[in-house]
Amino acid sequence: MAGGTRLENANPLIFQRSGERLLTVTDEDDDVADPIDDREIFDLIRSINDPEHPLSLEELNVVEQMRVNVSDEESTVSVEFTPTIPHCSMATLIGLSIKVKLLRSLPDRFKIDVHITPGTHASEDAVNKQLADKERVAAALENSQLLEVVNQCLYTKSM
Amino acid sequence: MRGRLSLKLLAALVFRMAADNSLLLGLVEEFVSGQVDSKATETASGVKTGQFTILQLVEALGLSLTSSQPHTRGRGVQLLSQVLQECYSCLSEREVEVLITFYENRLKDHYVITPHVLQGLKALTKCSVLPPGSAVSILRSIFQDVHVQSLMLAERSCVYNILISLMESREEELKGLGADFTFGFVQSVDGERDPRNLLLAFQVARNIIHRGYDLGKFVEELFEVTSCYFPIDFSPPPNDPHGITQEDLILSLRNVLTGTSRFAEFLLPLIIEKLDSDVQSAKVDSLQTLAACGLTYSHKELAEFLPGLWSAIRREVFQTASERVESAGLSALAALTSSLSRSVLSSDSEDSLQVFLNLVLKDCQHHLCEPDLKLVWPSTKLLQAAAGASYRASLIVSAAVIPALLEQYNNRTQCAQRRTLLEVLQGFVQPSPLSRPADGVESVLVAFQQSLCSVVFSALAESSAGLQVTATRVLTALGQQPCLLAQTDVEKAVDHLTRLILEEEDTQVSLAVVECSGSLAHLHPKAFISRMIPRLKEEILSECNAAVRLRCVTAVASVSSQLSVVQESTPVLLQVLASAHTGSCSFSVEEVSAVCISLQRIAAHARDTEEIGRFFHSNIIPRLLGLALQAALQSGDSGHSSPLTDEAVLSALVPVISTACAALQSESASRMAAQAVSLFLDGDVSFLPENAFPSQIQLLQSQAESRGPSQLVCLLMACVCSLPRSVDIPEIDRLLVQLEDLICTCSHLFSYTFAAKCFAGLVNKRPAGEALDAVLERVLKRISVELENGSSSQRTQAFTLLLWVAKALLLRYHPLSTALTDKLFALLSDPELGSQAADGFCVLMSDSPDVLNRSCHADVRIMYRQRFFAENSSKLVEGFNSAEQEKKSCYLKALSHIVNNLPREVQLSELPALLPLLLEALSCPDREVQFSTLSCMQPVLLEPPEALRNQLEALFSRMLALTSSPHMKVRIASIRCVHALSRLPEHVVLPFRARVLKALAVCLDDRKRLVRNEAVAARGQWFLLGSPGGR
């Protein structure tokens, strides 16, 4: 980020990160099947980087576990996200990052729905429509500049 | 024709010509006209051996040096220069003087000659007999007659080298040149582009600055010719032939730029300008250079630029997403602050440090009042960096920040906000090394001591885990500084900590509380003895829930680092063991083991405090042995079975005793050895407390029942195998015989394994000599007899003994160890013992926790693993190739155990040879082999050696096949390996991308969450591969 550019929201509210999911005995038992649950989906998306800040979506409260709904049997996932300010120009990009992360991380059988928490963004409908449109998502990912930003949001340093 | 003249001078030096110089003439002829380069070396060696002198050479060169052809003259000078490079040390002062005059003249000659002239001058400047004045005259000629930047790379380097060597040897003379020298250097370096030469040029510049050469009016010029490279952007060419890194250049340039405060007026604006750059490395370099300036600059140089520098630093720290930029910014701020703190105040001017810190406080302090917002952290870090720079700075910052934070804390009610405020506060409470008050000076926090304590206590009383954890950290920091906790505060703190240990169930909180108690107890043992230990004791011994009891036991261990506390705390733990034994109070085996672990942690303090070791020797160890013996002797009786006969508990007792024994000093160590041996050999119980044992105890006899006294041999091992090597074990031969008998006749796995370990521990420390040889000969014979008897029921026992003795000898490089390990290799194809033998290699190669390790003072040579591997890997490969199909897996298992325990560097270098075998191991159906091979390969794959690149196809197909293994551990390990492979160079692995993504998609629907997590991480990385922004 260049020295001169100013951030849209330079001093946002930050929230605490939840800890790592605790391991249970059944997690390590080879014979028990673990269904995909809300927390698992939340863990997938909470560490996505914000496009502007060195902070995760969880720390900015853009995603919350209570706004994640998953049904393993019906193979559906629904995620609501909340932009930090109603005019946030990054909303589409954030939505796209969440969607791409889920597409890469969940089995094919899942139907993935990502949309803005109702009443939290000025152009909520337009963004939701874009995110729901398979063709447009695919087209967006053809654009190498857009893909680059999305990949940076999904990049994790750890290994 | 000045050349000719100087040549005459040279010739005049020749007083006597050697009668036979045809050899020399021939060499010269061949070099100059025949263009045979190798003749230069021959000539040089002739001069070195005294066959001919330099003067004869000059004489012989006569014709070529006066030739009208510049190339012939060049060739002549070249020969002379090359010879001088080899022989400069055997010249006389007079010869050097003449040669220099000659060379200086030749600088004016044709340009094809110049390179050779410079080479010659370079050689001459290295002479120790350089005549006075010649350094100056050489430099004058070079600066006058040579345009350095129109020379080739090697000649430019030659000029810099001449400067460097003259600066080393003739500093005073060069300084006599005054600013002319600096000017000459500036002119010759202006426009240099090669990184190799730049390193030399920066070295000259650094010498000019650091050694006090006169810069005169050329300060700005010198700055210009060096600063034009700032910030350095250099990427070495592929294969890095010269080994120069960007870092080398950056550091040597930084050394020049920050070397003198006279550059300040030029450098500081440049830094401010470069900080505005978009390139991250430029920002980091600028900030680090600024930090380096802090060491040399004072207020005078900095004053004018402080507002600009501060706003640039603030902007970077507030906005950056990069930790490198942030930490560079913080160090720069700290360096500026500490430089201002050093400046001497004059009575009429204002305090520059105060002025600067006011600037910082004005921009940062208000962010501290918004604990929910992002900028609270960057502001905190900036303020802490400034405060940590000096005591005076910490006074100023603390005086402003701490009251505000305390007020905020008391006004806010939300836990999250209070936690943030307390975390911020914690940073200000912890003094940095630079801001620590001098002896006798009060801590900056004394004024706030009361209110800090009350905030900490109120936070400890809150229900939020995060708040409590932070509060314990602040408490620890306060406790470590003198005068910040009054006696009453310590007592209050101990009460709070005790309460939290008893009541708080959150593991993070109890961990933090226990840690805090440990550090406070070290400084204030009395309060803990009187207030915490009795409370915990009461709780442990009463019937209460297991979790509370466990926390209490852990806490007891962590506060016991001082002898006075140990004397109070260990009896509590021993009482637990005693009542567990008698059954008066019910304790589970896990609880008793936890008590043993706590005792071991206390025993570890014996290493630092000799008294604790003596206390263990005289009180704790006899009590433990007594209890264990009572339990073992009673075990025959029916009814209550004491937990002290349980193998898990006995195994937990072993480290308690061995940790304490390892720390014993000579006298008590010898007593310990004598007591233990007489107890186990002769049933001498006199040193045990509550002496109510039957006479005639036979501890080393094998018994039929499993819980009998023979399993106490593990305690014998703990007592005698961890003592210092200098301690003589009495009656060792009788002891070894008894142990050997016990091993070979006992059928109880626990007993004979520990007996074998004990045997090995003693053999390992026994000095080499006949006594040891006799023992080994006897035991080897017995092992062979037992092993060769296929029907013997004692083969496993004999194998166990073989394994441990082999380990004992291998560790000390004993010549017999090869014979023993060869036996183990042979056993790999044994139908009964093959699999045990394979697992035995794990014992052989890994550190065993309770015996034969360095903390037990065992004789462990460095790199024994590498040595073993180097000597034996081929045997393993041969064995594998010749083994029958169904026995191959034992070889693979043994291999993976051996490779797994090798250090990383050896793994990397040996992997190419072993790769075929390891790939074979991946397709071996045994899941243990699969798992251990995968976990051994994973770290290697992170930095894969070249050899792997040719095997990628085989590697990928085997790894991907294992991702659908029926065993979770194998699936996880294989996915991790696939993940690691994503770090190979893009062009190498890109062809596999589609295949990997497809295979990993299946794992995303795995029924185990842990597998899915690994698959998500790996697949995410593989998606980024070859995608824009990915890598």
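Naming: A, B, ... by sequence-line order, numbering from 1 per chain. Everything numeric in this text was worked out from a predicted model, so none of it was measured.
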Practice problem: Quick one: list whatever passes side chain to side chain contact (heavy atoms under 4.5 Å, CB included) with B:R1009, sequence neighbours left out. | Solution: A:R21, A:D27, A:D34, A:D37, A:E40, B:R1012, B:N1013

Quiz item: Should B:S286 and B:K283 count as side-chain neighbours, where that means a heavy-atom distance under 4.5 Å?
Solution: no

Self-check item: Nearest heavy-atom neighbours spanning B:T470 and B:G466
Solution: OG1-O, 2.8 Å

Quiz item: Among B:V1002, B:D1005, B:D1006, which residue forms the greatest number of heavy-atom pairs with chain A at distances under 4.5 Å?
Solution: B:D1005

Self-check item: Of all pairs that satisfy side chain to side chain donor-acceptor pair (under 3.5 Å), the ones with a partner from residues 415-424 of chain B, not counting sequence neighbours
Solution: B:D372-B:Q417, B:R418-B:E462, B:R419-B:E423

Quiz item: Side chain, backbone, both or neither: which part of A:E28 has a heavy atom under 4.5 Å from chain B?
Solution: both

Quiz item: So which of B:L375, B:L1000, B:V1016, B:V1011 has the biggest tally of heavy-atom pairs under 4.5 Å with chain A?
Solution: B:L375

Quiz item: Which residues, numbered in order, of residues 80-116 of chain A come under 4.5 angstrom of chain B by heavy-atom distance?
Solution: A:K101, A:L103, A:R104, A:S105, A:L106, A:P107, A:R109

Quiz prompt | Part of B:Q280 within contact of chain A (heavy atom distance under 4.5 Å) | solution = neither

Practice problem: Mind listing the closest non-hydrogen atom pair of A:L147 and B:S1027 along with its distance? | Solution: CD2-OG, 3.4 Å

Quiz item: Counting N and O atoms only, with roles assigned by atom type, does the side chain of B:R1019 sit under 3.5 Å from a partner on the main chain of B:L997, one being a donor and the other an acceptor?
Solution: yes

Quiz item: Side chain, backbone, both or neither: which part of B:P966 has an atom under 4.5 Å from a heavy atom of chain A?
Solution: backbone

Exercise. Mind ranking A:V32, A:L55, A:D72 by heavy-atom pairs under 4.5 Å with chain B and telling me who comes out on top?
Key: A:V32

Quiz prompt | B:R324 atom CZ: more than 12 heavy-atom contacts under 6.0 Å | solution = no

Quiz item: Do you know which of A:P12, A:S144, A:A33 has the most heavy-atom pairs with chain B at a distance under 4.5 angstrom?
Solution: A:P12

Quiz item: Sub-3.5 Å donor-acceptor pair from the side chain of B:S464 to the main-chain atoms of B:L467, do we have one?
Solution: yes

Quiz item: According to the salt bridge (charged side-chain N to carboxylate O under 4.0 Å, His left out) rule, which pairs have a member within residues 124-136 of chain A, sequence neighbours left out?
Solution: none

